[in-house]
Amino acid sequence: ELTRKATKMDPDCAACHLYRFEALARRAETMNQFRALLQLHGIKKELETAERLDPRLADIQWGWIRLDLTLPAAVGGSTSDAYKHADRLAQLDPVDGHLARAAIAQDSQDATRELNEVRAAARDYPQDPRGVFALGKTLYLRHDFAGAVGPLSRAWEMNHQSALYAAYYAANLVQLRQPEAARAVLDTARQIHPDSRLGDFLTAQALLDTGQDAAWAHALLASYLAVPPEPNQPTAEAARKLLAAAVTP
(Lines give C-alpha, C1' and ligand atoms only; values in the text may rest on other atoms or scores of the structure.)
Protein backbone atom coordinates (compact mmCIF):
# COMPACT_ATOMS: atom_id res chain seq x y z
CA GLU A 1 0.00 0.00 0.00
CA LEU A 2 2.84 2.39 0.82
CA THR A 3 4.64 1.69 -2.47
CA ARG A 4 1.37 2.22 -4.36
CA LYS A 5 1.05 5.64 -2.74
CA ALA A 6 4.69 6.44 -3.52
CA THR A 7 4.32 5.67 -7.24
CA LYS A 8 1.12 7.73 -7.35
CA MET A 9 2.87 10.68 -5.70
CA ASP A 10 5.85 10.50 -8.06
CA PRO A 11 5.28 8.31 -11.16
CA ASP A 12 8.81 9.11 -12.38
CA CYS A 13 10.55 7.78 -9.25
CA ALA A 14 12.50 4.73 -10.41
CA ALA A 15 13.32 3.62 -6.87
CA CYS A 16 9.62 3.79 -5.94
CA HIS A 17 8.73 1.42 -8.78
CA LEU A 18 11.60 -0.86 -7.78
CA TYR A 19 10.35 -1.00 -4.19
CA ARG A 20 6.83 -1.68 -5.48
CA PHE A 21 8.20 -4.56 -7.56
CA GLU A 22 9.85 -5.99 -4.42
CA ALA A 23 6.69 -5.58 -2.35
CA LEU A 24 4.52 -7.25 -4.99
CA ALA A 25 7.03 -10.06 -5.45
CA ARG A 26 7.17 -10.74 -1.73
CA ARG A 27 3.37 -10.78 -1.54
CA ALA A 28 3.23 -13.20 -4.48
CA GLU A 29 5.49 -15.59 -2.56
CA THR A 30 2.72 -15.95 0.04
CA MET A 31 0.13 -16.98 -2.58
CA ASN A 32 -0.57 -20.28 -4.24
CA GLN A 33 1.10 -20.74 -7.61
CA PHE A 34 -2.00 -19.95 -9.71
CA ARG A 35 -2.71 -16.67 -7.92
CA ALA A 36 0.97 -15.73 -7.99
CA LEU A 37 1.14 -16.21 -11.76
CA LEU A 38 -1.85 -13.89 -12.17
CA GLN A 39 0.24 -11.18 -10.49
CA LEU A 40 3.25 -11.71 -12.74
CA HIS A 41 2.35 -9.14 -15.41
CA GLY A 42 1.95 -6.37 -12.83
CA ILE A 43 5.16 -7.38 -11.06
CA LYS A 44 7.18 -7.27 -14.27
CA LYS A 45 5.61 -3.97 -15.28
CA GLU A 46 6.96 -2.28 -12.16
CA LEU A 47 10.47 -3.53 -12.88
CA GLU A 48 10.23 -2.49 -16.54
CA THR A 49 9.09 0.97 -15.47
CA ALA A 50 11.93 1.33 -13.00
CA GLU A 51 14.45 0.31 -15.67
CA ARG A 52 13.01 2.75 -18.21
CA LEU A 53 13.22 5.58 -15.69
CA ASP A 54 16.74 4.79 -14.45
CA PRO A 55 18.61 2.10 -16.40
CA ARG A 56 21.68 2.63 -14.23
CA LEU A 57 19.97 1.55 -11.01
CA ALA A 58 21.89 -1.63 -10.25
CA ASP A 59 19.24 -3.24 -8.05
CA ILE A 60 16.93 -3.45 -11.06
CA GLN A 61 19.20 -6.10 -12.58
CA TRP A 62 19.09 -8.00 -9.29
CA GLY A 63 15.31 -7.88 -9.61
CA TRP A 64 15.42 -9.47 -13.06
CA ILE A 65 17.84 -12.09 -11.79
CA ARG A 66 15.48 -12.88 -8.93
CA LEU A 67 12.62 -13.43 -11.37
CA ASP A 68 14.77 -15.55 -13.69
CA LEU A 69 15.77 -17.85 -10.84
CA THR A 70 12.34 -18.00 -9.21
CA LEU A 71 9.98 -18.44 -12.14
CA PRO A 72 9.40 -21.77 -13.89
CA ALA A 73 10.87 -21.93 -17.39
CA ALA A 74 7.35 -22.10 -18.85
CA VAL A 75 6.63 -18.54 -17.71
CA GLY A 76 10.03 -16.98 -18.32
CA GLY A 77 12.48 -18.35 -15.77
CA SER A 78 15.93 -18.74 -17.29
CA THR A 79 19.43 -19.22 -15.91
CA SER A 80 20.98 -18.01 -19.17
CA ASP A 81 18.88 -14.84 -19.03
CA ALA A 82 19.92 -14.35 -15.41
CA TYR A 83 23.56 -14.39 -16.48
CA LYS A 84 22.79 -11.74 -19.13
CA HIS A 85 21.41 -9.47 -16.43
CA ALA A 86 24.49 -10.19 -14.31
CA ASP A 87 26.64 -9.04 -17.24
CA ARG A 88 24.63 -5.80 -17.44
CA LEU A 89 25.05 -5.38 -13.72
CA ALA A 90 28.81 -5.85 -14.08
CA GLN A 91 28.91 -2.85 -16.42
CA LEU A 92 27.39 -0.73 -13.65
CA ASP A 93 29.22 -2.31 -10.72
CA PRO A 94 31.93 -4.92 -11.45
CA VAL A 95 31.95 -6.35 -7.91
CA ASP A 96 28.18 -6.70 -7.90
CA GLY A 97 28.45 -8.42 -11.27
CA HIS A 98 30.74 -11.08 -9.83
CA LEU A 99 28.45 -11.53 -6.83
CA ALA A 100 25.41 -11.87 -9.08
CA ARG A 101 27.13 -14.54 -11.17
CA ALA A 102 28.11 -16.32 -7.98
CA ALA A 103 24.50 -16.26 -6.77
CA ILE A 104 23.29 -17.67 -10.08
CA ALA A 105 25.95 -20.38 -10.00
CA GLN A 106 24.93 -21.27 -6.45
CA ASP A 107 21.31 -21.56 -7.54
CA SER A 108 22.43 -23.81 -10.40
CA GLN A 109 24.57 -25.88 -8.00
CA ASP A 110 27.71 -24.95 -9.94
CA ALA A 111 30.02 -24.80 -6.91
CA THR A 112 33.18 -24.29 -8.97
CA ARG A 113 31.90 -21.23 -10.80
CA GLU A 114 30.45 -19.80 -7.60
CA LEU A 115 33.85 -19.96 -5.89
CA ASN A 116 35.66 -18.64 -8.98
CA GLU A 117 33.38 -15.59 -9.13
CA VAL A 118 33.84 -14.60 -5.49
CA ARG A 119 37.58 -15.21 -5.76
CA ALA A 120 37.70 -12.90 -8.77
CA ALA A 121 35.77 -10.20 -6.92
CA ALA A 122 38.14 -10.36 -3.95
CA ARG A 123 41.26 -10.57 -6.10
CA ASP A 124 40.43 -7.86 -8.64
CA TYR A 125 38.87 -5.40 -6.17
CA PRO A 126 40.75 -5.95 -2.91
CA GLN A 127 39.71 -2.57 -1.50
CA ASP A 128 36.01 -3.36 -1.82
CA PRO A 129 34.87 -5.33 1.24
CA ARG A 130 31.86 -6.84 -0.53
CA GLY A 131 33.86 -9.23 -2.66
CA VAL A 132 36.33 -9.98 0.11
CA PHE A 133 33.49 -10.84 2.48
CA ALA A 134 31.71 -12.93 -0.16
CA LEU A 135 34.84 -15.04 -0.55
CA GLY A 136 35.14 -15.48 3.21
CA LYS A 137 31.49 -16.38 3.64
CA THR A 138 31.61 -18.88 0.77
CA LEU A 139 34.62 -20.61 2.29
CA TYR A 140 32.99 -20.54 5.73
CA LEU A 141 29.86 -22.23 4.42
CA ARG A 142 32.09 -24.89 2.86
CA HIS A 143 33.71 -25.45 6.27
CA ASP A 144 37.08 -24.16 5.03
CA PHE A 145 37.54 -22.13 8.20
CA ALA A 146 41.30 -21.71 7.80
CA GLY A 147 40.78 -20.33 4.30
CA ALA A 148 37.90 -18.10 5.40
CA VAL A 149 39.64 -16.33 8.27
CA GLY A 150 41.82 -14.11 6.06
CA PRO A 151 39.08 -12.59 3.89
CA LEU A 152 36.59 -12.38 6.78
CA SER A 153 39.16 -10.54 8.89
CA ARG A 154 39.98 -8.14 6.04
CA ALA A 155 36.32 -7.42 5.32
CA TRP A 156 35.67 -6.70 9.00
CA GLU A 157 38.68 -4.42 9.20
CA MET A 158 37.52 -2.51 6.12
CA ASN A 159 33.96 -2.11 7.40
CA HIS A 160 33.42 -2.24 11.15
CA GLN A 161 29.90 -0.91 10.55
CA SER A 162 28.70 -4.23 9.14
CA ALA A 163 26.93 -6.51 11.59
CA LEU A 164 26.90 -9.16 8.86
CA TYR A 165 30.69 -9.15 8.51
CA ALA A 166 31.11 -9.28 12.28
CA ALA A 167 28.72 -12.23 12.58
CA TYR A 168 30.57 -14.51 10.19
CA TYR A 169 33.99 -13.41 11.40
CA ALA A 170 33.12 -14.15 15.03
CA ALA A 171 31.65 -17.55 14.15
CA ASN A 172 34.72 -18.41 12.10
CA LEU A 173 36.99 -17.51 15.01
CA VAL A 174 35.02 -19.92 17.20
CA GLN A 175 35.44 -22.63 14.58
CA LEU A 176 39.18 -21.99 14.83
CA ARG A 177 38.90 -22.25 18.64
CA GLN A 178 39.56 -18.59 19.33
CA PRO A 179 36.50 -17.80 21.49
CA GLU A 180 37.99 -14.76 23.22
CA ALA A 181 38.73 -13.12 19.88
CA ALA A 182 35.16 -13.91 18.83
CA ARG A 183 33.82 -12.25 22.00
CA ALA A 184 35.76 -9.10 21.20
CA VAL A 185 34.29 -8.95 17.68
CA LEU A 186 30.74 -9.47 18.98
CA ASP A 187 31.20 -6.85 21.69
CA THR A 188 32.35 -4.29 19.12
CA ALA A 189 29.48 -5.17 16.80
CA ARG A 190 26.90 -4.80 19.58
CA GLN A 191 28.09 -1.29 20.34
CA ILE A 192 27.41 -0.33 16.73
CA HIS A 193 24.29 -2.43 16.13
CA PRO A 194 22.74 -3.22 19.52
CA ASP A 195 19.65 -4.84 17.98
CA SER A 196 21.41 -7.07 15.45
CA ARG A 197 21.56 -10.69 16.60
CA LEU A 198 22.91 -12.68 13.64
CA GLY A 199 26.33 -12.89 15.28
CA ASP A 200 24.73 -14.43 18.37
CA PHE A 201 23.09 -17.18 16.34
CA LEU A 202 26.12 -18.03 14.18
CA THR A 203 28.51 -17.95 17.11
CA ALA A 204 26.24 -20.20 19.20
CA GLN A 205 25.96 -22.57 16.27
CA ALA A 206 29.75 -22.68 15.94
CA LEU A 207 30.17 -23.25 19.69
CA LEU A 208 27.82 -26.23 19.58
CA ASP A 209 29.39 -27.61 16.39
CA THR A 210 32.80 -27.62 18.05
CA GLY A 211 31.71 -28.69 21.53
CA GLN A 212 32.77 -25.45 23.19
CA ASP A 213 31.14 -23.47 26.00
CA ALA A 214 27.50 -24.60 25.90
CA ALA A 215 26.63 -22.04 28.58
CA TRP A 216 27.75 -19.17 26.35
CA ALA A 217 25.89 -20.71 23.40
CA HIS A 218 22.76 -20.88 25.58
CA ALA A 219 23.10 -17.21 26.52
CA LEU A 220 23.66 -16.16 22.90
CA LEU A 221 20.59 -18.02 21.69
CA ALA A 222 18.47 -16.53 24.46
CA SER A 223 19.68 -13.12 23.30
CA TYR A 224 18.82 -13.99 19.70
CA LEU A 225 15.29 -14.99 20.69
CA ALA A 226 14.78 -11.81 22.69
CA VAL A 227 14.19 -9.75 19.52
CA PRO A 228 12.42 -10.59 16.24
CA PRO A 229 14.87 -12.00 13.64
CA GLU A 230 15.84 -9.58 10.90
CA PRO A 231 14.86 -10.38 7.28
CA ASN A 232 16.67 -13.32 5.70
CA GLN A 233 18.09 -14.47 9.03
CA PRO A 234 17.57 -17.79 10.85
CA THR A 235 14.05 -18.18 12.22
CA ALA A 236 13.12 -18.25 15.89
CA GLU A 237 12.26 -21.91 15.40
CA ALA A 238 15.80 -22.63 14.21
CA ALA A 239 17.17 -20.83 17.26
CA ARG A 240 14.92 -22.81 19.60
CA LYS A 241 16.14 -26.07 18.08
CA LEU A 242 19.73 -25.03 18.71
CA LEU A 243 18.80 -23.89 22.21
CA ALA A 244 17.49 -27.35 22.99
CA ALA A 245 20.93 -28.69 22.15
CA ALA A 246 22.74 -26.09 24.26
CA VAL A 247 22.59 -28.00 27.52
CA THR A 248 24.29 -25.98 30.21
CA PRO A 249 26.47 -27.75 32.82
Side-chain angles (χ1 to χ4, degrees), residues 93 95-96 98-99 102-103 106 114-115 118-119 121-123 125-249:
D93 184 333
V95 173
D96 229 12
H98 281 300
L99 300 185
Q106 182 186 50
E114 178 191 3
L115 184 57
V118 293
R119 282 196 189 282
R123 179 193 66 233
Y125 304 93
Q127 300 309 313
D128 191 317
R130 294 173 300 163
V132 177
F133 170 74
L135 174 58
K137 179 183 175 183
T138 300
L139 294 172
Y140 177 88
L141 293 176
R142 296 181 183 204
H143 293 182
D144 182 0
F145 306 118
V149 68
L152 288 176
S153 173
R154 290 198 302 276
W156 168 241
E157 287 299 323
M158 282 190 279
N159 184 8
H160 265 35
Q161 299 299 312
S162 174
L164 179 66
Y165 295 2
Y168 278 92
Y169 182 35
N172 197 78
L173 288 169
V174 168
Q175 293 286 356
L176 295 176
R177 298 187 177 274
Q178 300 178 37
E180 292 310 311
R183 283 181 187 272
V185 172
L186 288 182
D187 287 345
T188 300
R190 283 196 194 97
Q191 293 174 20
I192 301 170
H193 298 285
D195 294 327
S196 181
R197 294 292 189 272
L198 178 61
D200 292 353
F201 182 93
L202 293 181
T203 301
Q205 188 178 53
L207 287 165
L208 296 175
D209 285 348
T210 55
Q212 300 179 71
D213 204 339
W216 185 27
H218 189 283
L220 289 169
L221 290 167
S223 173
Y224 187 79
L225 287 166
V227 296
E230 296 174 68
N232 302 315
Q233 290 192 0
T235 63
E237 181 183 0
R240 283 191 286 267
K241 286 182 178 178
L242 272 184
L243 190 59
V247 180
T248 55

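Treat the numbers as computed from the prediction; the structure is a model and nothing was measured. Both backbone and side-chain heavy atoms feed into the values below; hydrogens, waters and symmetry mates do not.
Partners of Arg183 under the salt bridge (Lys or Arg N to Asp or Glu O under 4.0 Å) rule, at least two apart in sequence or in another chain, are Glu180, Asp213. Residues that satisfy the ring-ring contact (aromatic ring centres under 6.0 Å, His included) test with Phe133, not counting sequence neighbours, are Tyr165, Tyr168. Remark: Arg190 pairs with Asp187, Asp200 by the salt bridge (Lys or Arg N to Asp or Glu O under 4.0 Å) rule, at least two apart or across chains.
Under the side chain to side chain contact (heavy atoms under 4.5 Å, CB included) rule, Leu225 has a single partner from Leu242, Leu220, Leu243, which is Leu243.
Residue pairs meeting the salt bridge (charged side-chain N to carboxylate O under 4.0 Å, His left out) criterion with at least one member in residues 229-244, sequence neighbours excluded: Glu237-Lys241. Sorted by first and then second residue, the salt bridge (charged side-chain N to carboxylate O under 4.0 Å, His left out) pairs involving residues 168-178 (not counting sequence neighbours) form an empty list.
Between Glu114 and Arg119 there is no salt bridge, since none of the side-chain N atoms of the basic residue sits less than 4.0 Å from a carboxylate O of the acidic one.
At a threshold of 4.5 Å between non-hydrogen side-chain atoms, the residues Arg130 and Asp93 count as touching. Within the 4.5 Å cutoff, no side-chain heavy atoms of Val132 are placed close to those of Asp128. Leu164 has its side chain out of reach of Ser196: every pair of non-hydrogen atoms, C-beta onward, lies at least 4.5 Å apart.
The two atoms that bring Leu207 and Ala217 nearest to each other are CD1-N, 3.7 Å, heavy atoms only. Closest approach of Gly131 and Ala122 over heavy atoms only: O-CB, 3.7 Å.
Separating the CZ atom in Arg197 from the CG atom in Leu186 is a distance of 11.0 Å, to the nearest 0.5 Å. A distance of 9.0 Å separates CD in Gln205 from CG in Leu221, rounded to the nearest 0.5 Å.
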Starting from the C-alpha separation in whole Å, work towards a yes-or-no answer on side chain to side chain contact (heavy atoms under 4.5 Å, CB included) for Trp216 and Thr203.
CA-CA 9 Å; Trp216 185 27; Thr203 301; 4.0 Å; yes

Side chain to side chain contact (heavy atoms under 4.5 Å, CB included) assessment of Arg142 paired with Leu115
CA-CA 10 Å; Arg142 296 181 183 204; Leu115 184 57; 3.7 Å; yes

With side chain to side chain contact (heavy atoms under 4.5 Å, CB included) as the test, would you mind laying out the steps for Val118 and His98 before giving the verdict?
CA-CA 6 Å; Val118 293; His98 281 300; over 6 Å; no

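Remark: the backbone N or O of Ala219 is not paired with any side-chain donor or acceptor of Ser223 at under 3.5 angstrom.
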Please list every donor-acceptor pair under 3.5 Å in which a side-chain atom of residues 144-160 meets a protein atom from a residue at least two apart or in another chain.
unit_1, atom_1, unit_2, atom_2, d
Asp144, OD1, Gly147, N, 2.9
Asn159, OD1, Gln161, N, 3.0
His160, ND1, Trp156, O, 2.6

